[in-house]
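All ligand and atom numbering here is 1-based and tracks the order in the structure. Everything quoted here is computed from the prediction, not taken from an experiment.
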Amino acid sequence: MAAITTKPEFAEFRQLFSKARSVLVLTGAGISAESGVPTFRGAGGLWRQFNATDLATPSAFAQSPSLVWEFYHYRRELVRTKEPNKAHLALVEAEKRFEKEGKRFFIITQNVDGLHRRAGSRNLLEIHGNLFTTRCTSCGFIEENNDSPICEALRNRGLPNENGPEIAVTDLPSCRQCRSLVRPHVVWFGETLWPDVLEKIDEEINRCDLFLVVGTSSVVYPAAAYASIVAKCGIPVVEINIETTPSTAVSAFHFEGAAGEILPTLLAPITDDI
Ligand code: BJW
Ligand code: ZN
């Protein structure tokens with residue numbers, strides 16, 4: 001990690017970080033990549049012959065709830081086998097330290113994998129929902145569901161290279177209250193984020209004085225707009241990614257590399273070098 005600490009931007013970032021009273025972090029799929037969770041637009045973004053983003057839509061679910069449930073069942077089972085990585089843990093450590101010092105540290109994640117929560121982050125908003133929560137398509141009942149498999153009909157299904165017959169809707173996960181079909185409680189393309197979530201995002205954006213953007217391609221709205229909104233208010237934006245993205249242009253610093261390698265050094269206790 002000598003490479004990053006010798007960069008002039010590193011020392012400049014550490015100055016900003018030492019003065020920050022309210023750090024906001026936006027994370028995307030890239031932060032979980034080192035845990036072995038595929039990103040959306042990377043090589044792992046294909047499931048069977050489908051783009052993950054084509055299945056994360058209300059129309060895909062309307063057309064084939066069976067197919068979409070197989071896809072989400074596959075991802076639930078995959079994520080269960082994965083652990084938070086050094087990037088998730090560096091954020092947890094930073095949050096604890098900030099709290100002790102009476103400062104704010106808050107994470108907005110687009111990820112539905114629950115790894116931030118499992119790592120121990122508490123000041124956290126999962127803006128696209130969570131793989132382990134369901135919502136009834138009829139009565140709207142929402143509940144956490146960690147069953148494995150989520151229903152008998154999905155046992156041994158969802159494999160990326162094995163198509164099976166359609167599962168009848170009545171055999172798919174159903175609501176405890178009204179027996180109707182449930183869906184993953186996540187935000188699909190074309191759906192709006194939940195009003196309470198949007199309100200909380202606004203609040204956090206308005207109060208932050210340093211904004212970190214980690215492992216997101218910054219192409220999916222509304223999250224894609226946050227870096228430029230924050231930058232327009234004169235708040236420094238710092239991007240950590242293995243590639244440049246639309247957020248790079250508005251970032252004061254872009255640290256190129258894997259989040260699990262960069263974040264632990266970037267967010268290490270400030271007394272180490274100041
Ligand atoms: C690493 C790394 C390592 C790898 N270390 N980095 C304005 C303009 C144009 C369109 C729209 C607009 N407003 C809304 C829209 C429509 C749409 C949208 O944004 N479309 C764009 C694609 C153009 N947005 C919506 O529909 C949203 N709804 C909405 O805004 O409602 C109002 C409205 C609707 C319609 C029109 C106008 C207004 C809802 C978006 C919901 C997104 N849902 C998903 C699925 C969630 C459930 C699930 O997981 O199944 O969310 S799609 C998918 O993309 C998922 C992700 O959270 C999201 C973002 O992806 P992310 O996290 O950035 O992943 P990747 O794969 O794209 O990038 C990974 C990055 O990591 C890369 O940069 C790598 O380099 C990097 N990386 N390894 C650091 N080790
Ligand atoms: Zn119901």
Side-chain angles (χ1 to χ4, degrees), residues 26-47 50-61 68-69 71-76 78-79 85-88 90 108-115 126-143 173-195 197-198 201 212-228 239-248 254-264 266:
L26 171 68
T27 68
I31 198 164
S32 296
E34 290 156 85
S35 294
V37 181
T39 60
F40 284 88
R41 290 158 191 86
L46 267 188
W47 177 80
F50 304 99
N51 280 318
T53 47
D54 292 335
L55 293 171
T57 62
S59 56
F61 190 66
V68 173
W69 258 121
F71 171 59
Y72 278 92
H73 164 65
Y74 167 71
R75 289 171 61 201
R76 283 165 59 100
L78 177 92
V79 161
N85 64 52
K86 287 190 280 179
H88 296 106
I108 290 176
T109 187
Q110 299 169 84
N111 300 345
V112 297
D113 58 29
L115 289 179
E126 294 173 315
I127 67 172
H128 291 163
N130 188 287
L131 284 174
F132 300 95
T133 309
T134 58
R135 183 170 84 242
C136 178
T137 57
S138 180
C139 74
F141 180 66
I142 296 168
E143 74 173 339
S174 63
C175 177
R176 240 174 355 109
Q177 306 280 355
C178 77
R179 299 283 148 222
S180 301
L181 176 69
V182 297
R183 54 165 280 180
H185 184 48
V186 297
V187 183
W188 285 328
F189 278 115
E191 297 182 322
T192 45
L193 276 66
W194 302 296
V197 165
L198 288 170
I201 294 169
L212 309 188
V213 188
V214 185
T216 175
S217 56
S218 291
V219 295
V220 176
Y221 288 87
Y226 299 154
S228 55
E239 184 178 57
I240 294 101
N241 201 309
I242 55 172
E243 64 175 11
T244 56
T245 75
S247 291
T248 312
H254 171 86
F255 291 103
E256 191 158 320
E261 284 170 25
I262 290 187
L263 278 183
L266 218 50

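Between W47 and Y74 the shortest side-chain heavy-atom distance falls below 4.5 Å. Between L181 and F61 the shortest side-chain heavy-atom distance falls below 4.5 Å. Contact check for T134 versus E143: side-chain heavy atoms found under the 4.5 Å cut-off. Residues P38 and L78 are in side-chain contact: their nearest non-hydrogen atoms beyond the backbone lie under 4.5 Å apart. A heavy-atom distance below 4.5 Å is not found between the side chains of T216 and T245. Residues I31 and H88 form a side-chain contact, since some pair of their non-hydrogen atoms from C-beta on lies under 4.5 Å apart. Side-chain contact between R135 and I142 is present, with at least one heavy-atom pair separated by less than 4.5 Å. Between F189 and D54 the shortest side-chain heavy-atom distance does not fall below 4.5 Å.
Within the 4.0 Å cut-off (strictly below), a protein heavy atom is located near atom 46 (C) of ligand 1. Counting only heavy atoms, the protein never gets under 4.0 Å from atom 36 (C) of ligand 1. Closer than 4.0 Å to atom 4 (C) of ligand 1 lies at least one heavy atom of the protein.
Polar contact check, G215 against ligand 1: a nitrogen or oxygen pair lies under 3.5 Å apart. Residue contacts with ligand 1: S217 is placed with a nitrogen or oxygen under 3.5 Å of a nitrogen or oxygen of the ligand (distance criterion only). Taking only nitrogen or oxygen atoms, main chain and side chain alike, I240 does not reach within less than 3.5 Å of ligand 1.
The two residues S247 and A224 make their nearest non-hydrogen contact at OG-O, 4.4 Å. Between S217 and P246 the shortest heavy-atom distance is O-CD, 3.3 Å. Of all non-hydrogen atoms in L193 and P222, the two that sit nearest each other are CD1-CD, 3.5 Å. Shortest non-hydrogen contact noted between I127 and A223 is CD1-CB, 4.2 Å.
Both the backbone and the side chain of R41 come within contact range of ligand 1, each with a heavy atom under 4.0 Å. At a heavy-atom cutoff of 4.0 Å, ligand 1 is contacted by the side chain of E34 but not by its backbone. The backbone and the side chain of V220 each have at least one atom closer than 4.0 Å to an atom of ligand 1 (non-hydrogen atoms only). The part of V219 lying near ligand 1 is the backbone, judged by heavy-atom distances below 4.0 Å.
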How far apart are the C-alpha atoms of H254 and E239, what are their side-chain angles, what is the distance that settles it, and do they pass the side chain to side chain donor-acceptor pair (under 3.5 Å) test? CA-CA 5 Å; H254 171 86; E239 184 178 57; 2.6 Å; yes
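Only protein N, O or S atoms were considered, and those under 2.8 Å from the Zn ion (ligand 2) are C136 SG, C139 SG, C175 SG, C178 SG.
Each of the atoms 25 (C), 26 (O) of ligand 1 lies under 4.0 Å from some heavy atom of G190. Each of the following atoms of ligand 1 lies closer than 4.0 Å to a heavy atom of P222: 30 (O). Atoms of ligand 1 found under 4.0 Å from any heavy atom of F189, numbered from 1 in the order shown, are 17 (C), 18 (C), 20 (N), 22 (C), 26 (O), 52 (S). Under a 4.0 Å criterion applied to the non-hydrogen atoms of A33, ligand 1 contributes the atoms 78 (N). Listed by atom number, the atoms of ligand 1 under 4.0 Å from V186 heavy atoms are 47 (C). Within ligand 1, counting atoms from 1 as listed, the ones closer than 4.0 Å to a heavy atom of R75 are 48 (C), 49 (O), 50 (O). Close approach of ligand 1 to G28 is summarised as follows: ligand atoms under 4.0 Å from at least one heavy atom of the residue are 62 (O).
Using modelled atom types and a 3.5 Å distance limit, the side chains of T27 and T109 yield a donor-acceptor pair.
The CZ atom of F255 sits 5.0 Å away from atom CG of L266, with the distance rounded to the nearest 0.5 Å.
Partner H185 forms a ring-ring contact (aromatic ring centres under 6.0 Å, His included) with one of F132, F141, W194 and no other, that one being W194.
Residue Y72 places a heavy atom under 4.0 Å from ligand 1.
With respect to atom 64 (O) of ligand 1, the closest heavy atom belonging to the protein is A29 CB, 3.5 Å. The nearest protein atom to atom 63 (O) of ligand 1, hydrogens excluded, is given as T216 OG1, 2.7 Å; this is a heavy-atom distance. Summary of contacts: the protein heavy atom closest to atom 2 (C) of ligand 1 is G30 O, 3.4 Å. The protein heavy-atom contact nearest to atom 29 (C) of ligand 1 is E191 O, 3.4 Å. Looking from atom 41 (C) of ligand 1 to the surrounding protein, the closest heavy atom is V187 O, 3.4 Å. Ranking the protein heavy atoms by distance from atom 51 (O) of ligand 1 puts H128 ND1, 3.1 Å first. Of all protein heavy atoms, the one closest to atom 74 (C) of ligand 1 is N241 OD1, 3.4 Å. Scanning the protein for heavy atoms near atom 10 (C) of ligand 1, the closest one is Y221 CD1, 4.2 Å.
With hydrogens and angles ignored, the 3.5 Å screen pairs no side-chain donor or acceptor of N111 with any backbone N or O of D113. No donor-acceptor pair under 3.5 Å is formed between the side chain of S32 and the backbone N or O of S35.
Listed by chain and number, the residues in a side chain to side chain donor-acceptor pair (under 3.5 Å) with W188 are Y72 (sequence neighbours excluded).
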